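None of the values given here were measured: they were computed from a predicted structure.
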Amino acid sequence: MLDIQRLREFPDSVKQGMLAKGESDPSVVDKAIEADESWRHAVAELDSKRAEANKQAKEIGQLMAQGKKEEAEAMIAKTGEAKEALKSLEEGISSLKEARDNLLLRIPNVPHESVPVGKTPEDNQPVHHHGDADTDPWRKPHWEIVEEHGWIDFKRGVKVTGAGFPFYVGPIAKLQRALIQYFLDTAADAGFTEIQPPFVVNEDSARGTGQIPDKEDMMYVVPRDEFFAIPTAEVPVTNFHRDEVLSTAELPIKYCAYTPCWRREAGSYGKEVRGLNRLHQFDKVELVYMVKPSDSYEALEELRSYVESLIEALGLSYRTLLMCTADMGFTQSKKYDMEVWSPGQQRWLEVSSCSNFEDFQARRMMIRAKDDDGSIELVHTLNGSGLALPRIVAAIVEQYQQPNGDILVPSVLQSYMRTDSLTAS
RNA sequence: GGAGGGAUGGCAGAGUGGUCGAAUGCGGCGGUCUUGAAAACCGUUGAGGCGCAAGUCUCCGGGGGUUCGAAUCCCUCUCCCUCCGCCA
């Protein structure tokens, strides 16, 4: 959610940002400004009416205290119509405010000036490359390898739960556990505080990070208890500080959290969802920052290079893209995607997405920080995956496969795995 | 799951219909004293909305109601505590 003040002062830049993001109708900005205008007028009117009523009530109280009962009764008799007026004003105001906020919620975050303006994924800017995107014809897609070995059981997953809920068996189960531990250990060394959040959240939290009202179809729901299965650790971890005033001195706050993630992914099909490409349940270590507004772009670069170092340590070929305006989400002001190379599929797979939200999330969640001088301002929030497991597993299986069918274990994982290769037994 | 008791400012804790945005203590900040510190003393100290400002409105767990007037009365929800039951 953007600051209404910003809309009032710089409506054109907000509209430009919307157009750049590919929104077709920037008139919502004018509508929001108008709605705000009428809300403020109504509030002013209500406030002065209330001031009057408060004054009368006070006078009545004084008369009663002085024992001037008849005078008080006379005043009370006159309060009737003022009361009616207040009631209708109040009703009007809550619907005006709701209208304003609904409009405001439809306005996306404005892209940062450093974000390339674009219309398609081709306009995303590659900013970093590491390793080869090779084309060796003998390399198989990961799903062939893991099914041959019985390391991932997609069929039984379908039987027990449904498509997109595979079983990981033996070496791959172990590999995933090793990755989680490696990611958490590395994050701890880099100064992140580890958090184990709840895996289901209530409605307020889902609203806080913006999953509802817009994207509720992405989440699995526990109907009886009105919980939502988290689609990412971002939801519980960012909501950790919802409605809080932090101290500026404790910023930056850096959290890492491992959680499973559940996504309904309605409408996905074909090669997009083959193997580990897109699952309904997957594991991820998420990184969340809360920083001073002045530091957020520096923090984004730090987050980006941290995630890059993770992928590099795994010895995987990958690239980093600076996402163009059209390929950014609703809430982001700047975003980098990291994509690993899948030699078996001859395509790039997104494994991390590092974003700065500026104060867009913080405003909706009311996460603020108080400075030594007593001033309070919204924090800036950022997050990034560090990393999402399935596609990393896919890339390891494909990039580390040997002509004889063995999969070598990346050196940083060997101590966790207690082996240097996954072999067909 | 059953019975009872609670929820007030950073914390503790008063307040059962009017002058209460709220006593008091602790903590925080500023000052006096001191070579410095502690102690003592004095002052100050919640958040948010609207407004150029003066000012004004809202907030005592959330929502709704009664009343001219609600922290205070009523309804409801949530959470916490105590006892019983169940339980990895």
[atom1] gap between [N] and [M], integer Å:
N: B:U44; M: B:C26; atom1: P; value: 16 Å
N: B:C59; M: B:A71; atom1: P; value: 7 Å
N: B:U8; M: B:G4; atom1: P; value: 22 Å
N: B:G6; M: B:G55; atom1: C1'; value: 39 Å

- [ ] State which residues pass ring pair (Phe, Tyr, Trp, His ring centres under 6.0 Å) with A:Phe240; sequence neighbours excluded, sorted by chain then number.
- [x] A:Tyr255
Task: Electrostatic pair A:Lys15:A:Asp30 at N-O distance under 4.0 angstrom - done: yes
- [ ] Look at A:Lys49 together with A:Glu52 and state whether they make a salt bridge at an N to O cut-off of under 4.0 Å.
- [x] no
- [ ] With sequence neighbours excluded, tell me which residues meet side chain to side chain donor-acceptor pair (under 3.5 Å) with A:Glu37.
- [x] A:Arg40
- [ ] State which residues pass salt bridge (Lys or Arg N to Asp or Glu O under 4.0 Å) with A:Arg242; sequence neighbours excluded, sorted by chain then number.
- [x] none
Task: Those residues that, when tested against A:Lys254, pass salt bridge (Lys or Arg N to Asp or Glu O under 4.0 Å) (two or more places apart) - done: A:Glu302
Open item on the list: According to side-chain contact (heavy atoms from CB on, under 4.5 Å), who are the partners of A:Lys370, at least two apart in sequence or on a separate chain?
Closed with: A:Val245, A:Ile376
- [ ] List for me each residue that meets side-chain contact (heavy atoms from CB on, under 4.5 Å) alongside A:Leu2, sequence neighbours excluded, and say none if there are none.
- [x] A:Arg6, A:Leu7, A:Val14, A:Ile107, A:Asn109, A:Val110, A:Phe360
- [ ] Could you please name the partner base of B:G9, counting Watson-Crick and G-U wobble pairs only when both distances are under 3.5 Å?
- [x] none
Open item on the list: Below 4.0 angstrom, which residues in residues 247-255 of chain A have at least one non-hydrogen atom near RNA chain B?
Closed with: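 The answer is none.
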TODO: Could you name each residue pair satisfying ring-ring contact (aromatic ring centres under 6.0 Å, His included) that touches residues 271-315 of chain A, not counting sequence neighbours?
DONE: A:His112-A:Tyr297, A:Phe165-A:His280, A:Phe192-A:Tyr289, A:Phe192-A:Tyr306
Task: Sequence-aligned protein contact record of nucleotides 52-72 of chain B, with B where the base is within under 4.0 Å of a protein heavy atom and S where only the sugar-phosphate is - done: ----SSS---------BS---
Open item on the list: Strictly below 4.0 Å: does A:Arg368 bring a side-chain N or O up to OP1 or OP2 of B:G48?
Closed with: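 For B:G48, OP1 or OP2 has a side-chain N or O of A:Arg368 closer than 4.0 Å.
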TODO: Quick one: label A:Lys370 by what it contacts on the DNA or RNA (base, sugar-phosphate, nothing), any heavy atom closer than 4.0 Å.
DONE: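 Since only primed, P, OP1 and OP2 atoms lie under 4.0 Å of A:Lys370, the category is sugar-phosphate.
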Task: First encountered from the 5' end of RNA chain B, between A:Gln62 and A:Ala44 - done: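 So the residue in question is A:Gln62.
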